[in-house]
There are 2 protein chains.
Amino acid sequence: MENTVTKENPEEVGNHASSACTKSLGECTKSILPVRDALEVLSGKWKLPIIISLMFGNKRFSQIAKEVPGITDKMLSKELRDLEANELVKRSVYNAIPVVVEYSLTEYGFSLQNVIAVLRNWGTTHRKRIMGAE
Amino acid sequence: MENTVTKENPEEVGNHASSACTKSLGECTKSILPVRDALEVLSGKWKLPIIISLMFGNKRFSQIAKEVPGITDKMLSKELRDLEANELVKRSVYNAIPVVVEYSLTEYGFSLQNVIAVLRNWGTTHRKRIMGAE
DNA sequence: GTAAGTACTATACAAAAGGATAGTTAAATA
DNA sequence: TATTTAACTATCCTTTTGTATAGTACTTAC
């Protein structure tokens, strides 16, 4: 409503808009693909929180469960398997009595450090924003 | 199996691990929360791709649909509404004949630029990694 | 023997996300 | 009159994600 405007010069609407992306066909789409590759591995509610938890040090199953708020055993078990399959997390079994299973980040997992840092910064300002708005 | 180790010094297992996070209770959990705030707004397969598409310029509905590979009208419509609710995207209606609806990023939407840049970098190297592995 | 802890797995189910297809309104075009 | 385009909405369906609850194997503690 506020943005409704009577059209005086029709050809201007959305023109500068499309030009940037229509010039070379698919430039915009090409730029989306690597982000989708990243999202495929990281998407969902739990993967990044689990990775963050492991950035603080190697952990056992139940420790991660305690530190990632709200996660259930089933989800944690599933997500750890996914992360292991993508070589972001390593699972080490120690033949102790009783058996001890320790999870750690791989080097590759640590390569997500700046992704997480940037996301945390954005999340922090975003939280302030919504808090302030209410 | 490869990581199975006979336990000689039991107290070493997972010790340096937990210490970092158990020292001050919840330090690790606290670090997770802002990332969850960010994920709440950005999660899903489509939101970031749509935002990227709009970083290339203002667009109409069907243009975005063309540029974001695989998205359906229903998903695009829903995600645009979500993004608008979070003030990342602005919807402008022009009283043209026929009516023209244009979507653009808000300033706040543009604040995601470095999030996307970092994610794109990571995604690019990740893609190389999986391509090379196969 | 019973209970408790660790690291899970199994089952059943509910909710959310995503996909396929079709329909709507309204004007413009053939 | 029929078709096309734009910008959706509606319906139905499948998949994924998430929740709740229970169970298992093993060992130590009471």
Side-chain angles (χ1 to χ4, degrees), chain A residues 3-4 7 10-11 13-15 17-18 36 39-50 53-54 58-85 89-104, chain B residues 1 3-4 6-7 10-11 13-15 17-18 36 39-50 53-54 58-85 89-104:
Chain A
N3 296 321
T4 303
K7 189 188 188 186
E11 56 286 355
V13 173
N15 255 10
S18 43
R36 293 192 61 169
L39 288 178
E40 218 164 292
V41 181
L42 304 175
S43 72
K45 212 173 162 182
W46 305 114
K47 287 190 190 90
L48 284 175
I50 291 169
S53 156
L54 290 175
N58 305 349
K59 300 267 165 67
R60 296 195 228 159
F61 189 90
S62 50
Q63 267 183 299
I64 305 172
K66 263 175 233 155
E67 283 169 10
V68 177
I71 199 167
T72 60
D73 281 4
K74 185 193 164 188
M75 274 297 117
L76 182 51
S77 165
K78 188 205 157 244
E79 299 290 64
L80 281 171
R81 261 182 278 130
D82 285 3
L83 291 170
E84 208 193 337
V89 162
K90 186 180 157 196
R91 184 179 186 268
S92 308
V93 180
Y94 297 94
N95 253 347
I97 302 170
V99 68
V100 168
V101 181
E102 194 181 77
Y103 294 91
S104 54
Chain B
M1 290 293 189
N3 297 322
T4 304
T6 317
K7 192 189 189 186
E11 57 284 356
V13 173
N15 254 12
S18 44
R36 292 191 62 168
L39 288 178
E40 217 165 292
V41 182
L42 304 175
S43 72
K45 210 172 162 180
W46 304 115
K47 288 188 189 91
L48 285 174
I50 292 168
S53 156
L54 290 175
N58 305 350
K59 300 267 165 67
R60 297 195 229 161
F61 189 90
S62 50
Q63 267 184 299
I64 304 173
K66 263 175 234 155
E67 283 169 10
V68 177
I71 199 167
T72 59
D73 282 4
K74 181 197 165 186
M75 276 296 117
L76 181 52
S77 165
K78 189 205 155 244
E79 300 290 66
L80 281 171
R81 262 182 277 127
D82 284 2
L83 292 169
E84 207 193 339
V89 161
K90 186 180 157 196
R91 183 178 187 268
S92 307
V93 180
Y94 297 95
N95 254 347
I97 303 169
V99 68
V100 168
V101 181
E102 192 180 79
Y103 294 92
S104 55

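Chain letters run A, B, ... following the sequence lines, proteins first and then strands; every chain starts at 1. Worth saying up front: this structure is predicted, and the values here are computed from it rather than measured.
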If you check every side-chain atom of B/Lys74, which of D/dA7, C/dG18, D/dT9 has the closest atom? C/dG18
What is the separation between atom CG on B/Leu76 and atom C1' on C/dA20, rounded to the nearest whole Å? 16 Å
Upstream residue (5' side of DNA chain D) when B/Lys66 and A/Lys47 are each assigned their closest nucleotide: B/Lys66
Give a yes/no answer on whether the side chain of B/Arg81 brings an N or O atom under 4.0 Å of OP1 or OP2 in D/dC8. no
Nearest to side-chain heavy atoms of A/Lys78, which nucleotide of D/dT17, D/dC8, C/dA7: D/dT17
Specify the separation, in whole Å, of atom CE of B/Met75 and atom P of C/dT21. 15 Å
Interatomic distance where CZ belongs to B/Arg36 and C1' belongs to D/dT17 [whole Å]: 14 Å
For the side chain of B/Ser53 and the backbone of B/Pro49, is there at least one donor-acceptor N/O pair under 3.5 Å apart? no
More than 12 non-hydrogen atoms from neighbouring residues, nucleotides or ligands closer than 6.0 Å to CD on B/Glu84, yes or no? yes
Rounded off to whole Å, could you give me the CD-to-P distance for the A/Gln63 and C/dA7 pair? 8 Å
Looking at every heavy atom in both B/Arg36 and A/Pro69, which two are closest together, and how far apart are they? NH1-O, 2.8 Å
Any side-chain N or O of A/Tyr103 below 4.0 angstrom from OP1/OP2 of C/dT6? no
Please report, rounded to the nearest Å, how far the C1' atom of C/dT6 is from the NZ atom of A/Lys59. 17 Å
From CD1 of B/Ile64 across to C1' of D/dA7 the rounded distance in Å is 11 Å
Would you find a donor on one side and an acceptor on the other, under 3.5 Å apart, between the side chain of A/Gln63 and the backbone of A/Arg60? yes
Contact class for B/Gly44 vs. all strands (heavy atom < 4.0 Å): base, sugar-phosphate, or nothing? sugar-phosphate
Let me spell it out: for each of B/Asp73 and B/Glu79, pick the nucleotide of DNA chain C with the closest heavy atom. Which residue's pick is nearer the 5' end? B/Glu79
Out of D/dC8, C/dA7, C/dG19, which nucleotide sits closest to the side chain of A/Phe61? C/dA7
In whole Å, I'd like the distance from the CG atom of A/Leu39 to the P atom of D/dT16. 17 Å
As a test of reading the structure: which of C/dG18, D/dT19, C/dA7 is closest to the side chain of B/Trp46, going by heavy atoms? C/dG18
Looking only at the side chain of A/Ser62 (C-beta and beyond, no hydrogens), which of the listed nucleotides D/dA7, C/dA7, D/dG18 gets closest? C/dA7
Under 4.0 Å between a side-chain N/O of B/Ser77 and OP1 or OP2 of D/dT9, yes or no? yes
Starting from C1' on D/dC8, measure out to CD on B/Glu102 and report it in whole angstrom. 17 Å
Got a salt bridge between A/Glu79 and A/Lys47, using NZ or NE/NH1/NH2 to carboxylate O under 4.0 Å? yes
